[in-house]
Every structure is written in C-alpha cells, then in structure tokens.
Amino acid sequence: MHIVAIDGPAGSGKSSVSRAVAKQLRFGYLDTGAAYRALTWAVLAGELEVSTQSSEEIAENFAYSISLDPEDYWVRVGNSDLTYEIRLASVGQAVSEFASLPQVRQYMHWLTHNLISTSSLPGIVVEGRDITTVVFPEAKTRILLTASEEVRLERRSAELPEGTSIADQVTKRDQIDSRVVDFRVPAPGVHLVDSTELDFDSTVEAIIALVAKD
Ligand code: CDP
C-alpha cells in the first residue's frame, strides 16, 4: 500500500488538500486529528476517562470509527455520529491537553495502524502532526505542509463561525501541540511544501507530483 503521510500546523490546508489528493489518486483518506477530537468529546461528555488509563484500557473503552472514503467523511463513537460535534470550539480548546498524554498518543499510534491494516486500499493519505515522524516514518511519501502564520490565520478564520477567537482556536493549540511533536521543521527525508504563495489547486498538484516521483 502506498502511504502518503502529511503533517502540518492548523490552517495549513492539510485536511482539504489531503482529501483532494486522495480523491484524485483514488486513495483512502485518514484524518488522524478527528480521533483526538472524538476522544476529547467523549471525555468532556463524561463517557471516557483517559488520565488514569493505559493505552490498552482506552482501546477497550473507546468505540471509535471513521470513514476512510474521501467522498464520504464521517466520525462515530459507538452509535453516535460526531462528525459535526468534534469541530465545536469546546473540543478545540481542550484537545491539545489530552493529545499531550503519552497513553493517548500510544493508543492513537495503534489505532492509526489498525485502521489502515484492516483496509484493502491501494493507497492512503494520512494527515496529522506526527505521521511523518512517529506513526509512519517509513511511509513511501512524506510531506510537511506549511504556510506563513498570517496566511494560516486568514484561512482558518474563513472556516470558523463569527465571534470565535482565532487565537484560542489556532495559535494557542499550535503552541501546546508543538511542545509534544515538532511539526514545523521537516525531519530528514520529508518533503517541504510551503503553500503560502500557492492556491488550493496548485498545492494539490505539487503533492501529486511528489507522490508520482516517490
Ligand atoms: O485541523 P487542525 O490541524 O486544526 O487540527 P486537527 O487535525 O483536527 O487536530 C486536532 C488536535 O489533535 C491537534 O491540535 C493536536 O492536539 C491533536 N493531534 C495530534 O496531536 N497528533 C495528530 N497526528 C493529529 C492531531
């Protein structure tokens, strides 16, 4: 299976670009951030406890599922569809705290490998913060997608409901996240794609060109 690993900070366009790349290549698409968000939602709802649990206990108590189809995106915990709930500001504000727990990261590592190994896709685009470095350092194509802070904040503010604080949603989250994994500088062998000056289609094309070469 051709694994395309894409990391980058919030607002770099990672999710929309990764999904478009997957569609064009007829690959699967896996948004790893959705699991961190769904886990946070479950903890905030009182349905899951993670701080005192091991990664194995989290796996037993968290019935997570996600679509790998770039044309049909959904996220579920048990029978509840959480596709929209995981984007709530309350989840965005709390997610980095839980994402910094080692047992949560260990569980996510296992989950990501498990979701992919049980699929029969020709390839998959996996996006997140630590995919090129920790989760799939052996991926055939590894990319760090960045953009200047100014452009990232502009792109993210276009996506958020009015009145939501961008500083809370993006800047603070990036600061906390970057203490846990470095997603600002490409690791050796990782391609850097800077989308500051690129529009959406050119960014997708640049990534497809790298996949074709690898
Ligand atoms: O879309 P955006 O980049 O803003 O965030 P996301 O991909 O939905 O990820 C939400 C949060 O999950 C991040 O702020 C990180 O705290 C965490 N995360 C992580 O630690 N490692 C990953 N591979 C993916 C997400």
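We count ligands from 1, going down the list as the structure has it; atoms in each ligand are counted the same way. Quick caveat: nothing in here was measured; it's all calculated off a predicted structure.
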Nearest protein heavy-atom contact for atom 1 (O) of ligand 1: which residue, which atom, what distance? R156 NH2, 3.4 Å
In terms of its nearest heavy atom to atom 13 (C) of ligand 1, the top option of D177, V180, I176 is D177
S148 and T196: which non-hydrogen atoms are nearest, and at how many Å? N-OG1, 2.8 Å
Single hit among L68, I131, L115 for side chain to side chain contact (heavy atoms under 4.5 Å, CB included) with V126: I131
One should read off an interatomic distance between R37 CZ and D31 CG, to the nearest 0.5 angstrom, of 8.0 Å
side-chain hydrogen bond (donor to acceptor under 3.5 Å, both in side chains) evaluation trace for S202 with D199: CA-CA 5 Å; S202 318; D199 64 15; 2.5 Å; yes
Can a non-hydrogen atom of R105 be found less than 4.0 Å from any atom of ligand 1? yes
Which residue owns the protein heavy atom closest to atom 23 (N) of ligand 1, what's the atom, and how far is it? D130 OD1, 2.9 Å
Can you hop from Y36 to V180 via hydrophobic side chains spaced under 4.5 Å? no
Where A34 and R87 come nearest, the two heavy atoms and their spacing: CB-NH2, 4.3 Å
Near T32 (heavy-atom distance under 4.0 Å), the atoms of ligand 1 are 22 (C), 23 (N), 24 (C)
among protein heavy atoms, the one nearest atom 8 (O) of ligand 1 is R37 NE, 2.6 Å
Atoms in ligand 1 with a heavy atom of A99 nearer than 4.0 Å: 16 (O), 17 (C), 20 (O)
Contact with ligand 1 for R87, non-hydrogen, under 4.0 angstrom: yes
How close do R155 and L198 get, heavy atom to heavy atom, and via which atoms? NH2-O, 3.7 Å
Compute the shortest N/O to N/O distance between R129 and ligand 1 and return yes if it is under 3.5 Å, no if not. yes
Nearest-neighbour protein heavy atom for atom 17 (C) of ligand 1, which is reported as residue plus atom name and distance: Y36 CG, 3.7 Å
Nearest heavy-atom pair of H2 and T141: which atoms, and what distance? NE2-OG1, 2.8 Å
Is there a donor-acceptor pair closer than 3.5 Å between any side-chain N or O of S55 and the backbone N or O of Q103? no
Give the numbers and elements of all ligand 1 atoms closer than 4.0 Å to a heavy atom of V95. 11 (C), 12 (O)
Atoms of ligand 1 less than 4.0 Å from R173 heavy atoms? 2 (P), 4 (O), 5 (O), 10 (C), 11 (C), 13 (C), 14 (O)
Quick one: look up the protein heavy atom nearest atom 9 (O) of ligand 1 and list residue, atom name and how far away it is. G33 CA, 3.5 Å
A student checking ligand 1 against K14 at a 4.0 Å heavy-atom cut-off should list atoms 3 (O), 7 (O)
